[in-house]
Every structure is written in structure tokens, then in C-alpha cells.
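Below is one structure, written out as C-alpha cells; comments come after it.
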There are 2 protein chains.
Amino acid sequence: MSNPDATTPAHAARRALTQRLHRHGILPTPQRLEIAAMLLAEAQHLSADQVMEKMLRCGAVVSKATVYNTLGLLVERGLLRQVSVDSSKSFYDSNTRPHHHFYNVDDGTLTDVEAPHLCLADLPPPPPGTYACGMDVVLRIRHRKL
Amino acid sequence: MSNPDATTPAHAARRALTQRLHRHGILPTPQRLEIAAMLLAEAQHLSADQVMEKMLRCGAVVSKATVYNTLGLLVERGLLRQVSVDSSKSFYDSNTRPHHHFYNVDDGTLTDVEAPHLCLADLPPPPPGTYACGMDVVLRIRHRKL
DNA sequence: TTAATTGCAAACATTTTGCAGGTTC
DNA sequence: GAACCTGCAAAATGTTTGCAATTAA
């Protein structure tokens, strides 16, 4: 029944993720694999708290500190993007391709905005001695008043 | 020496500010006047903490709670713009005309970017049932590596 | 074996809140 | 006098840190 070279889809995915973490210089510990697998499964915007919750609900064993450590590490290594829309908490975005966001002020929801053609040409160059290392565009939206 | 209708620049400015607060539906209490006078004197980006510090250094009598209350009120009434670049604290920007920001990740500094011609045409419209109520563009910059 | 990671709880920083006392209209 | 504002301290978040025990290479 058990095959050391098993190639079920689940096994293959887990192996691919392990290698991906390795390639980014991240030691693939069980907790990191769990968190990365959950986050990278689909494009989503979760707060640290929501990640924690989702992990516990899945029966994974992780501590808050490890969640924060891992999220920070994934951001640092470019596997995750951190979005600050509201000064109270951060969102972690598993879509790392360039894009922008709608932020619904009323319900605290974040939505991707594909805007590949936003004219950057009109933006002034960074001040002397500095270089641009990122751009965040947040469009605040609200429910229409009835 | 003392003239009830005195029109020294300082008096005139204070009177104008009082009226401005009134026009925005803000009861001009001494603390609010102090805070507004300091913030609106020039375009600047201060955190709540920096506002508090500056007030105390000027000999003004204000509590932390009042600083937060007042900043929140000024934002709500459109005299100040709140900018969230970093999930740990907010900046209060006394320039309320549309503009964007450079955020220096290395020293936590915020700088205005006048970008009146940023192409908004390419951005998709807000989702059904919502309307756009603001746009924040933050260009993250870092000191150039030597 | 040696270095890195984890978990827990305590520490932190920022912002909010409850309420008594004071101020404004 | 009624409503509103202020200050203090305590509470509520969200995030980080110190350190001993565990795990990975």
C-alpha cells in the first residue's frame, strides 16, 4: 500500500512547495509548509489573525509567534505581499504579481484590481539617493448610500 | 496698549482658524485650536505621537486622548488626511489637496508627490453597489545601496 | 552536533473607551 | 442648564520579543 515514491497529487504538491521554499532560502518546517500551502493555494487577502484561525480550524499545530514569523519571512522572500490599508492591521496577499486593491472601508474587505496600464510615466522619479522599491495603490470604496 | 479689536497677524490668524473650524462644524476649543494651528501652519506628515510631543514642547496642555479625538475629528471633517503606510501607525497629512506619497522605508519618512496627471482612466470602475471614496498611492523608496 | 525553529507568555506600541469633572453655548 | 469636551487611567488591539525546549540538517 505505501510507496516511498508515491505520486498522488497531494504528495506532488507538497513536494513542489517544499522545493519552492528551499529555492527562496526558507527551511521548510512543518508549520511553514502548512501556512504556505494554505496561503498559496489561491489568491487571497488574510490578516495574521485570519491565518491563525484558519490553521487552527484545519487542525494544524501553530503558535501565534510562528504565524507572524512565517508571514514575515514569506514577505521578505517575496512569496507574499504585505498590504497596509488600515493602520490597525496588515493583510497578507498571496498574489505577488503587480496589481492594486479596492479596499471596502465599510466591511474591511480587500479586492484585487488588475491595472497593468496605470501610467507610471507621470510620476516623478524618486528623490536623489533613493530608489523605488514598491508601489501601493489603494482605491477606497464604500457601499452606495440608499 | 490693549485693544479689543487688535489685528496683529497672530490675532487675525487665530480668528481665521476659529472660523474655519466653525465652518466645518467643529467646536473650537482651546486644545483643538492649538492642535489645528500647529498642524495647518504648513504641509507636514506627523504621527499622533509626534503631534502630542510637539504640543507638549510648545507648552500646550493636552492629553493623548484629546489628541486622538481631535485628529480623528479633523480627518472626518476633511481638514486633515490620514495616511496608512505602515501597519503600525498612522500619519496625519495637513495637505488635503489630491496628491500621492513617497514613503521612505528606511527612515519612516513621508514626502508629498504632486502627480496631478496620474492616469485614472485605466482603472476599473468600483464593484456594483459601491462608489470610490478615495485613492491612496504610496511609492515605497529606500536608500540606494552603496 | 550545531544551528535554526517553535511555543508560550510577557512585553510593546498604538489607539480606543469609560467616566468624573469641567467648559461652552 | 444641557450638551459637549477633556483628561486620566484602564482596556483593547495587533505585533514583537526573550528564552527554554524541540527539531532539522
Side-chain angles (χ1 to χ4, degrees), chain A residues 14-15 17-19 21-37 45-56 59-77 79-80 82-93 105 108 110, chain B residues 14-15 17-19 21-38 45-56 59-77 79-80 82-92 105 108 110:
Chain A
R14 185 52 56 112
R15 219 177 308 124
L17 184 58
T18 301
Q19 288 172 4
L21 293 186
H22 250 135
R23 254 182 282 122
H24 287 263
I26 299 173
L27 191 64
T29 66
Q31 288 85 349
R32 288 173 178 176
L33 277 167
E34 288 291 343
I35 295 173
H45 307 94
L46 300 178
S47 65
D49 212 47
Q50 292 174 313
V51 171
M52 182 82 207
E53 230 180 85
K54 225 169 170 176
M55 287 289 96
L56 296 181
V61 178
V62 236
S63 69
K64 202 167 47 164
T66 298
V67 167
Y68 276 103
N69 280 344
T70 302
L71 291 174
L73 191 60
L74 293 175
V75 168
E76 188 189 312
R77 300 300 161 84
L79 288 166
L80 225 49
Q82 187 168 8
V83 185
S84 302
V85 274
D86 168 296
S87 56
S88 69
K89 69 178 149 216
S90 276
F91 284 100
Y92 295 88
D93 186 349
V105 180
L110 215 53
Chain B
R14 185 51 58 110
R15 219 177 308 128
L17 184 58
T18 300
Q19 289 172 2
L21 294 186
H22 250 135
R23 253 182 283 124
H24 288 262
I26 299 173
L27 191 64
T29 67
Q31 287 86 349
R32 290 172 178 179
L33 276 167
E34 287 292 342
I35 295 173
M38 184 276 279
H45 308 93
L46 300 177
S47 65
D49 211 49
Q50 291 173 313
V51 170
M52 183 82 206
E53 230 180 84
K54 224 169 171 176
M55 288 287 95
L56 296 181
V61 179
V62 236
S63 69
K64 204 167 43 165
T66 298
V67 167
Y68 277 102
N69 280 342
T70 302
L71 291 174
L73 192 59
L74 292 174
V75 168
E76 188 189 311
R77 301 301 161 86
L79 287 165
L80 226 50
Q82 188 168 7
V83 185
S84 302
V85 274
D86 169 297
S87 56
S88 68
K89 69 180 146 210
S90 275
F91 283 100
Y92 295 88
V105 181
L110 215 53

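Scope of the values below: all heavy atoms of this structure, side chains included, with no hydrogens, waters or symmetry mates. To find a chain, count down the sequence lines: A is the first, B the second, and so on, and within it residues start at 1.
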Just by protein heavy atoms under 4.0 Å, how would nucleotides 2-12 of chain D read 5' to 3' in B, S and -?
--SSSBB----
Euclidean distance, atom [atom1] of residue [X] to atom [atom2] of [N] [Å, nearest integer]:
X	N	atom1	atom2	answer
A:Met52	D:dT13	CE	C1'	16 Å
B:Glu76	C:dT15	CD	C1'	16 Å
B:Leu71	C:dT15	CG	C1'	11 Å
A:Leu56	C:dG7	CG	P	10 Å
A:Leu21	C:dT5	CG	C1'	14 Å
B:Glu53	C:dT14	CD	P	11 Å
A:Glu34	C:dT6	CD	C1'	15 Å
B:Lys89	C:dC12	NZ	C1'	13 Å

Ignoring backbone atoms, test whether B:Tyr68 places a side-chain nitrogen or oxygen under 4.0 Å from the OP1 or OP2 oxygen of C:dT16.
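B:Tyr68 to C:dT16 OP1/OP2: no side-chain N or O under 4.0 Å.
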For residues B:Asp49 and B:Ser47, is any side-chain donor paired with an opposing acceptor at under 3.5 Å?
no
What contact category does A:Ser47 fall into here, base, sugar-phosphate, or nothing, at under 4.0 angstrom with non-hydrogen atoms?
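The residue A:Ser47 makes no contact with any strand.
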Does the side chain of A:Tyr92 reach to within under 4.5 Å of the side chain of A:Gln50, using non-hydrogen atoms?
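Result no, sub-4.5 Å side-chain heavy-atom pair not found.
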Spatial distance of atom OG (A:Ser90) from atom CG (A:Leu46) [nearest 0.5 Å]:
12.5 Å
First locate atom CG of A:Leu79, then atom CG of A:Leu73, and finally report the distance between them rounded to the nearest 0.5 Å.
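Result: 8.5 Å between the selected atoms.
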Scan the side chains in residues 23-36 of chain A for donor-acceptor partners under 3.5 Å anywhere in the protein, sequence neighbours excluded, and list what turns up.
residue : atom : partner : partner atom : Å
A:His24 : ND1  : A:Arg77 : O            : 3.1
A:Thr29 : OG1  : A:Arg32 : N            : 3.3
A:Arg32 : NH1  : A:Leu27 : O            : 3.0

What are the two closest non-hydrogen atoms of B:Met52 and B:Val62, and how far apart are they?
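For B:Met52 versus B:Val62, the nearest heavy atoms are CE-O, 3.3 Å.
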